[in-house]
Amino acid sequence: MTRMVGSLKPLPAPFYDRPTTEVARDLLGTVLVHDTPDGRAAGRIVETEAYLRDDPACHAARGMTSRNEAMFGPPGRSYIYLIYGMYHCFNVVTAPSGVGEAVLIRALEPLAGIPLMARRRGTDKPKALCSGPGKLVIAMGIARVPNGSDLRKGPLLILPPESFPWHAGGGTPLRNIKVTTRIGITRAAHLPLRFYLEGNPYISRK
DNA sequence: AAACGGATGGGCT
DNA sequence: GCCCATCCGTTTG
């Protein structure tokens, strides 16, 4: 009897329609997959940050603009924006439609398509491929994924940990979740809204 | 190991 | 004009 291992069944819509800090914690261990003409790349989410409606560091805190429009859309969609003129950051929209919250994906543990990631990033070092929000966007090839795309429909998908075929044997074991302040911000810098898998070697920094 | 500065362009006051 | 949810190479301790 064949094991039901290749189902690639994405996280269900209600997963995202919850308080953003809960989603940020629960995204740890899930798997981001992107299929392009160049092939498949996949990595396990090991570091996230929550951005909340009444949080001055959140792009949506001062109302909707053309840039942050996707943050106010349905949960479970992408919010991707240009940062520092040369990089992009990838977020998952959370909370009910219209609220304006999201989870920044800050680091992945590479699982599949590692040679493709290495080509995109211009380095062979595994720990340099996806250990930062700008890096993982390059490695996964998601800079050109449209804003607001549905993460349950692809080509960019988020899967539960157990449904990923390459998960067994490849990954670092899940450990405790560590909570710290967020990285690279000045406003609301004291809030404990960064989450990562303690001891995982692929996080952006301790 | 940590600190620093340059690259580079859109958004916002 | 200044501010960035960054990264990388170089310099300094």
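Below, chains carry the letters A, B, ... as their sequence lines are ordered, and counting in each starts from 1.
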Over 12 non-hydrogen atoms of neighbours within 6.0 angstrom of CG in A/D38: yes

Nearest-angstrom distance from the residue atom CG of A/L129 to P of C/dC8: 10 Å

Rounded distance (Å) that lies between atom P of C/dT6 and atom CZ of A/R106: 5 Å

Any donor-acceptor N or O pair under 3.5 Å, side chains A/Y196, A/E198: no

Sugar-phosphate, base or nothing in reach of A/T65, heavy atoms under 4.0 Å: sugar-phosphate

Base B/dA7 paired with A/Y84 side chain (donor-acceptor, <3.5 Å): no

Qualifying residue for side-chain contact (heavy atoms from CB on, under 4.5 Å) with A/Y16, from A/L11, A/V93, A/D26: A/L11

Residue matched to B/dT8 through Watson-Crick or wobble contacts both under 3.5 angstrom: none

Whole angstrom value for the distance that separates P of C/dA5 from CG of A/L82: 12 Å

Whole angstrom value for the distance that separates C1' of C/dT6 from CD of A/E49: 12 Å

Under 3.5 Å donor-acceptor, A/N68 side chain and A/H59 backbone: yes

Whole-Å distance separating the CG atom of A/N68 from the C1' atom of B/dG10: 13 Å

Complementary nucleotide for C/dA5 - Watson-Crick or wobble, under 3.5 Å: none

N or O in side chain of A/R187 less than 4.0 angstrom from C/dC3 OP1/OP2: no

A/A128 vs A/R67, nearer the 5' end of DNA chain C by closest nucleotide: A/R67

Main-chain N/O of A/A128 paired with A/R121 side-chain donor or acceptor, under 3.5 Å: yes

Sugar-phosphate, base or nothing in reach of A/G134, heavy atoms under 4.0 Å: sugar-phosphate

C/dC8 OP1/OP2 closer than 4.0 Å to side-chain N/O of A/R121: yes

Spacing of A/I83 atom CD1 relative to C/dT6 atom P, expressed in whole Å: 6 Å

Nearest-angstrom distance from the residue atom NZ of A/K206 to P of B/dA2: 13 Å

Touch class at under 4.0 angstrom, heavy-atom based, for A/R205 against every strand present: nothing

Interatomic distance where OH belongs to A/Y87 and C1' belongs to B/dG6 [whole Å]: 11 Å

